[in-house]
Amino acid sequence: MPSVTLTVNGKQATVEVENRTLLVQLLREHLGLTGTHVGCDTSQCGACVVHVDGASVKSCTLLAVQAAGTNVLTIEGLAKGDELHPMQAAFRENHGLQCGFCTPGMVMSAVDLAHRNAHPTEHEIREWLEGNICRCTGYHNIVKAIKAGAEAMAGSR
Amino acid sequence: MYDFKYQKAASVADAAKVIGADGEAKLVAGGMTLIPTLKQRLAKPSALIDLGGIAELKGIRREGNAIVIGAMTKHVDVANSPEVKSAIPALAELASHIGDPAVRNRGTIGGSIANNDPAADYPSAVVALNATVITNKRKIAADDFFKALFETALGSDEIVTAVSFPIPEKAAYMKFPNPASRYAIVGTFVAKTGGNVRVGVTGAGPCVFRWKEAEAALGKSWNGDALKNLSVKADGLNSDIHASSEYRAHLIGVMARRAVAKAG
């Protein structure tokens, strides 16, 4: 079996996988990082979004072997110890989640947006969320949370 | 997913050798179509040859009066490229609306056109801008490249290396997206280059096509009103749960008029 070495949340990991193993399976089943969720399995819902070399990607649509040598950031890598990442804090403050299933993907996607666009408008946030599906909230509080989170990230720079 | 062999190609020649020798091997570019296809067990390749590590396939440059985009250039990089935005803003805009952000961070122009999905966005731009598809073997004119549903002129050991887009005077793309997938239910790309008008239509038929009556009308008068009395026949167009062929035929005209208005 091929062995894949990559950096996940700042730590190097070497994992034996099959060629067909998806990155999300490597994260969840081999490394026990179950914060990254599998929602639709058809590459549409965005619950599995993580960052690979700084860009948001669907980890259910990337082979683990394709991620060899990359730097992966998952929801578990955002907080600094007990201190939530500003985007996570904004989701909590703005009631940006209900059941929470889509939340890891939403937060990772939102952090990528805030890196590219420090002050996104409501419209830009809604367009950005095309690839993240939430079946509880109706999105309003997610959009509010992302706006607040992006401003908090910009303020802390 | 069925299992397969996996190999990271070191060069285009290396990848061509493998797919030339093994007809069941497949190239993977961004994988945004191929991996979902494999997950549904709709394909069973013997091997995946990953083009992701080949630096020569990436990048955007201006060459004379054309913008040349490497096959492995991601949609996000076309959308954000200062060269593309200033020379062919319609192409940057098209790239910025493919799929969703996570898809644009992986998907590539070469993968999109080599797959020739009937609802993909790029083929309409390749056809309307009269682009040239550059492969490891030859240069293929846009009109000769897209053959049929998921079929192109590419040979068994032929690999797209770049696409060269002549810079138009005016161009715009309008699509009516599927609200879930953001694939084009109908997408119309209009372009005026060196006095010639071309109209590429994607999403509507089994394969991208030119709407030649509209080209003739817009060639005489570059104005959406020139298309008012034209219509496209629904025969042979796609019909599915998202839109009937009649509806798609109607949308081609609507999207073309909007695109002309947007191009200015």
Side-chain angles (χ1 to χ4, degrees), chain A residues 1-4 17-25 36 38 40-70 105-106 108-117 120 124-133 146, chain B residues 1-9 25-54 58 72 74-77 79-80 93 96-108 111 175 177-183:
Chain A
M1 278 208 287
S3 124
V4 168
V17 294
E18 288 185 285
N19 285 326
R20 61 178 167 176
T21 302
L22 297 166
L23 176 60
V24 72
Q25 293 171 315
T36 302
V38 177
C40 66
D41 229 358
T42 55
S43 314
Q44 289 180 318
C45 81
C48 68
V49 168
V50 301
H51 296 185
V52 172
D53 290 337
S56 53
V57 303
K58 293 179 182 179
S59 62
C60 81
T61 313
L62 189 66
L63 299 170
V65 286
Q66 288 178 293
T70 63
M106 286 284 177
M108 296 311 289
S109 203
V111 170
D112 189 23
L113 170 63
H115 284 152
R116 290 164 199 260
N117 179 352
E124 287 167 338
I125 295 168
R126 287 184 185 275
E127 291 248 299
W128 187 264
L129 293 181
E130 275 169 5
N132 291 84
I133 293 173
I146 293 175
Chain B
M1 215 183 316
Y2 299 109
D3 206 9
F4 42 77
K5 284 180 259 174
Y6 172 86
Q7 184 185 329
K8 215 157 195 155
K26 270 201 173 289
L27 300 172
V28 58
M32 293 297 97
T33 302
L34 181 58
I35 292 175
T37 306
L38 295 178
K39 283 166 67 175
Q40 294 185 64
R41 294 193 166 182
L42 294 172
K44 194 182 179 184
S46 58
L48 289 193
I49 314 304
D50 190 347
L51 301 176
I54 307 176
K58 287 177 198 156
M72 287 297 289
K74 291 167 182 159
H75 307 325
V76 64
D77 295 325
N80 294 334
E93 163 104 10
S96 77
H97 288 107
I98 298 173
D100 59 53
V103 167
R104 296 194 287 272
N105 282 339
R106 292 287 305 169
T108 67
K175 82 165 153 178
N178 177 305
S181 70
R182 304 282 156 184
Y183 270 106

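So you know, we letter chains A, B, ... as the sequences are listed, proteins then strands, and number each from 1. These numbers come from the heavy atoms of this one structure, side chains and all, not from hydrogens, waters or symmetry mates.
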Practice task
Examine distances only and state if a side-chain atom of A:Asn19 and a backbone atom of B:Phe4 form a donor-acceptor pair shorter than 3.5 Å.
Solution key: yes
Problem - A:Glu127 and B:His97, any side-chain heavy atoms less than 4.5 Å apart - result: yes
Fill in the blank from the handout: Heavy-atom closest pair (A:Glu130 atom, B:Gly99 atom, distance to 0.1 Å) is OE1-O, 3.1 Å
Fill in the blank from the handout: Closest heavy-atom pair, A:Gly131 versus B:Asp100, reported as atoms and distance to 0.1 Å, is CA-OD2, 3.3 Å
Exercise for the section: Look up atom OG1 in A:Thr61 and atom CG in B:Leu38, then write down how far apart they are to the nearest 0.5 Å. Expected result: 11.0 Å
Practice task
Using a cut-off of 6.0 Å, state whether more than 12 heavy atoms not belonging to B:Lys58 lie near its atom NZ.
Solution key: yes
Problem - B:Leu48 versus chain A, the contacting section by heavy-atom distance below 4.5 Å - result: side chain
Fill in the blank from the handout: Whatever's closer than 4.5 Å to a heavy atom in chain B on A:Leu113 counts as neither
Practice task
Could you look at A:Asp112 and say if it's the side chain, the backbone, both or neither that has a heavy atom under 4.5 Å from chain B?
Solution key: side chain
Exercise for the section: Answer yes or no: is there a side-chain heavy-atom contact under 4.5 Å between A:Gln66 and B:Arg106? Expected result: yes
Problem - Part of B:Asp3 lying under 4.5 Å from any heavy atom of chain A - result: both
Practice task
Answer whether the closest heavy-atom distance between the side chains of A:Arg116 and B:Val76 falls below 4.5 Å.
Solution key: yes
Practice task
Look at the side chain of B:Lys39 and the backbone N and O of A:Cys60, then say whether any donor-acceptor pair between them is shorter than 3.5 Å.
Solution key: yes
Handout entry: From CG (B:Leu34) to CG (A:Leu63), nearest 0.5 Å
Key = 8.5 Å
Problem - Min side-chain heavy-atom separation B:Ile35-A:Leu22 under 4.5 Å - result: yes
Fill in the blank from the handout: One option among A:Gly46, A:Gly69, A:Ser43, A:Ala68 has the most heavy-atom pairs under 4.5 Å with chain B, and it is A:Ser43
